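Structure first, then comments.
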Amino acid sequence: MEIKFESAFLKAAKKHASIRKLVKKKVDMIVANPVAVGEPLKGNWQGFYSCPVKRNFIIIYLYCEVCRKKGDDAVVACLDCQETPDKTIKFVLLGPHDQAYRKQ
Ligand SMILES: [Zn+2]
């Protein structure tokens with residue numbers, strides 16, 4: 001599995017250092033089973049997956065294999081998708097539910 005962290009995700013992880021352990025646990029779970037753990041998003045966020053870290057606090061990520069299968073890679077801003085292996089997870093954002101969705 002190829003794992004990438006976007007800068008926005010890393011920044012948020014630093015900001016929310018108090019829940020770092022929780023975040024890390026979730027990241028491990030997502031890496032182990034990206035499809036089962038996450039929930040596919042719709043609308044503006046089509047192609048993305050979300051996974052709750054705790055109440056009202058989510059991780060947003062991309063899983064290249066799935067988004068290609070569904071044709072979502074044409075919708076999603078997955079810039080280097082052509083070069084990444086199928087089994088690539090990109091951690092995009094982390095934050096309180098409302099803020100995370102507003103940021104794109
Ligand atoms: Zn991709």
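As the structure is a prediction and not an experimental result, all values here were calculated from the model.
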Give me the atom names and distance for the closest heavy-atom approach of Ile3 to Phe91. CG2-CE1, 3.7 Å
Run the side chain to side chain contact (heavy atoms under 4.5 Å, CB included) check on Lys4 and Thr84 step by step: do they pass? CA-CA 10 Å; Lys4 298 187 171 203; Thr84 58; 3.7 Å; yes
Assess the residue pair Met1 and Ile89 against the criterion (side chain to side chain contact (heavy atoms under 4.5 Å, CB included)); give the C-alpha distance rounded to whole Å, side-chain angles, the decisive distance to 0.1 Å, and a yes or no. CA-CA 7 Å; Met1 192 70 81; Ile89 298 177; 4.0 Å; yes
What is the distance from atom CD of Glu83 to atom OG1 of Thr88, rounded to the nearest 0.5 Å? 11.0 Å
Report all side-chain donor-acceptor pairs from residues 56-66 shorter than 3.5 Å, counting only partners two or more places apart or in another chain.
unit_1, atom_1, unit_2, atom_2, d
Tyr61, OH, Pro34, O, 2.7
Tyr61, OH, Gly38, N, 3.2
Tyr63, OH, Glu65, OE1, 3.4
Glu65, OE1, Lys87, NZ, 3.2
Glu65, OE2, Lys87, NZ, 3.1

Grab the two heavy atoms, one from Leu41 and one from Ser50, that are nearest each other, plus how far apart they are. CD2-OG, 3.7 Å
Stepwise side chain to side chain contact (heavy atoms under 4.5 Å, CB included) check, Asp86 with Arg68: CA-CA 8 Å; Asp86 275 357; Arg68 280 176 203 156; 2.4 Å; yes
Just wondering, more than 12 heavy atoms not from Lys70 lying within 6.0 Å of its NZ? yes
Kindly write out the residues that satisfy side-chain hydrogen bond (donor to acceptor under 3.5 Å, both in side chains) with Asp28, not counting sequence neighbours, or none if the list is empty. Lys24
So how far is it from Lys54 NZ to Lys26 NZ, rounded to the nearest 0.5 Å? 13.0 Å
Between Phe5 and Phe9, how do the two ring planes meet: parallel, tilted or perpendicular, split at 30° and 60°? tilted
Where do Ala8 and Leu93 come nearest, in terms of heavy atoms and distance? CB-CD2, 3.8 Å
